[in-house]
Protein chains: 2
Amino acid sequence: MVTSIEPVTAASARFQCETCELRSHSICSALQDEELREMNQVVRQVSLDAGQIVFFETDPADFSFNITSGVVRLSKMLADGRRQVTGFLYPSDFLGLAVGKDYTQTAEAITPVRMCRFDRKDLTRMYEKFPKLEHRLLEVACNEIVSAQDQMLLLGRKTARERLSSFLLNLLSRSNLGERLIGEIDLPMDRADIADYLGLTVETVSRTFTKLRKDGLIEMPSKNRIVIRDADDLADAAENPD
Amino acid sequence: MVTSIEPVTAASARFQCETCELRSHSICSALQDEELREMNQVVRQVSLDAGQIVFFETDPADFSFNITSGVVRLSKMLADGRRQVTGFLYPSDFLGLAVGKDYTQTAEAITPVRMCRFDRKDLTRMYEKFPKLEHRLLEVACNEIVSAQDQMLLLGRKTARERLSSFLLNLLSRSNLGERLIGEIDLPMDRADIADYLGLTVETVSRTFTKLRKDGLIEMPSKNRIVIRDADDLADAAENPD
DNA sequence: CTAGGGCTTTGATGCAGGTCAAGGCGAAAC
DNA sequence: GTTTCGCCTTGACCTGCATCAAAGCCCTAG
């Protein structure tokens with residue numbers, strides 16, 4: 001559950017959005033200064049500690065969020081405890097596209113997280129006023145569909161080695177938004193999260209990390225730190241069984 | 001490739017949309033009579049034979065479609081031929097949400113198919129004129145995201161038996177749009193399509209059909225015809241390993 | 001500095017589903 | 001009717017990943 005909800009005064013909030021460095025990446029990029037100011041009227045800053053739930057998969061879907069810092073894990077569970085992680089959200093990612101009455105997955109902070117929270121009713125009013133916003137959101141939704149399809153291919157047809165390689169490459173491109181790809185990435189999630197994201201077990205994930213390391217494709221300065229020696233080689237590994 | 005593209009005269013087209021029985025299910029439900037008439041100016045009816053490609057996964061994404069009859073299979077391939085079927089589209093389904101320059105998957109008719117084809121440029125103009133249309137499309141996109149997540153859970157964590165049971169239940173609910181669930185469904189796709197959709201092999205799909213039949217969960221009057229004896233029992237099978 | 005606990009890795013073994021190989025079966029062609 | 005051909009099913013065997021079990025490795029608390 002949400003720990004701290006700090007209402008933002010009109011003045012400070014306005015200031016914040018205008019100077020927000022994520023503005024060009026997030027859905028806010030659809031809005032002009034003037035329009036953004038209006039968004040500010042309905043946004044609240046929210047902070048979560050690592051491990052806290054943003055929402056649970058049957059909660060009424062009252063809010064949407066824009067991650068401003070930290071990482072959020074999305075997942076679905078079966079009654080017997082089997083879990084599928086459906087995604088990891090980073091700063092500038094939008095959370096809560098759901099169209100129905102309730103959320104269909106659980107969102108949990110895996111690091112300390114800050115985000116902008118919107119009441120979905122307010123957001124609906126914003127859509128009507130600024131169709132550009134809805135257009136942008138459709139764009140976001142389409143991108144999500146495309147990655148979901150990639151993930152289906154991964155889960156349905158790829159080997160453990162291909163899965164982990166694909167995953168690392170994804171993280172690499174996301175962690176360097178717009179910049180050139182430097183070869184080092186940080187893993188804020190633990191092995192169980194990775195396993196549940198890739199449809200594997202922790203043991204297989206661990207063994208596969210070891211193999212990639214022994215094959216010289218990656219280095220592991222620490223458990224949560226991966227250096228990619230050659231992104232092209234890893235891209236091969238991501239699409240060739242073995 | 002598209003075989004027959006029949007331009008529709010303004011008069012006949014107008015008539016068609018107004019009396020289209022799928023109107024309330026498709027994206028057209030967002031539009032009033034007057035607005036729909038305008039959509040008609042930019043739509044073309046397209047017919048395909050079974051087996052024909054609608055578009056290929058690297059083609060420029062110039063068109064979007066509304067299926068009016070038949071079934072379309074969506075899929076992605078790896079270089080070595082492994083294939084993941086990402087979905088089956090039925091009448092009233094929208095095809096071509098892609099946001100990028102190119103399609104990211106292949107669409108192929110698996111039965112004779114008819115659809116309404118839109119030039120994406122025209123569609124963009126329509127969005128601007130009728131924001132309701134874009135709103136509706138966002139709704140469609142969100143639904144697609146939700147099913148994609150269900151499919152990830154299926155591919156990542158379910159057993160063969162659970163996968164096939166889930167699949168049959170999905171078909172059951174889709175093939176009876178809005179009506180009560182009668183227990184019989186038609187399988188327009190072959191075993192290879194099902195296998196590639198569920199992340200299995202044809203052999204496993206076949207064996208699993210046999211098991212479900214022997215367990216009394218389904219009957220198979222013919223290869224492409226399935227009778228669901230008890231939807232609740234099948235729903236159990238869809239979420240319990242074994 | 002040492003002990004404890006939670007992650008991660010590694011090893012040994014098992015099994016669900018893949019692979020390989022025959023048959024079956026129904027529809028279309030002749 | 002009978003041949004053929006493409007799909008589907010079944011059987012025998014194999015394997016990649018899961019499962020079960022036991023160390024290792026931090027990190028934190030005392």
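Just so we're on the same page: letters track the sequence lines, and every chain starts at 1. Bear in mind the structure is a predicted one, so any value in this text is a computation, not a measurement. Values reported hereafter were calculated over all heavy atoms of this structure, with side chains retained and with hydrogens, waters and symmetry mates removed.
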Distance, rounded to the nearest Å, where [X] contributes [atom1] and [N] contributes [atom2]:
X        : N      : atom1 : atom2 : answer
A/Glu203 : C/dC7  : CD    : C1'   : 12 Å
B/Arg191 : C/dC25 : CZ    : P     : 15 Å
A/Arg213 : C/dT8  : CZ    : C1'   : 12 Å

With a 3.5 Å cut-off and no angle check, do the side chains of [X] and [Y] form a donor-acceptor pair?
X        : Y        : answer
B/Lys158 : B/Ser166 : yes
A/Ser206 : A/Glu203 : no
B/Thr86  : A/Gln149 : no

Pairs of donor and acceptor atoms involving the side chains of residues 235-242 of chain A, under 3.5 Å and at least two apart or interchain, shall be tabulated with distances.
none

Please work out whether the ring planes of A/Phe88 and A/Phe167 are parallel, tilted or perpendicular, with thresholds of 30° and 60°.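 The arrangement is tilted - the two ring planes meet at 30° to 60°.
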Do NZ/NE/NH1/NH2 and the carboxylate oxygens of [X] and [Y] come within less than 4.0 Å?
X        : Y        : answer
B/Asp196 : B/Arg73  : no
B/Arg174 : B/Asp93  : yes
A/Asp190 : A/Lys223 : no

What are the atom names and distances for every N/O pair under 3.5 Å that joins the protein to nucleotides 16-18 of chain C?
unit_1	atom_1	unit_2	atom_2	d
C/dG17	OP1	B/Ala160	N	2.9
C/dG18	OP2	B/Thr201	N	3.3
C/dG18	OP2	B/Thr201	OG1	3.1
C/dG18	OP2	B/Thr204	OG1	2.5

Along DNA chain D, first and last positions that approach a heavy atom of chain B under 4.0 Å: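 Contacts span D/dC8 to D/dA12, reading 5' to 3'.
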Tell me what B/Ser222 touches on the nucleic acid: a base, only sugar-phosphate, or nothing, going by heavy atoms under 4.0 Å.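 Here B/Ser222 touches no strand at all.
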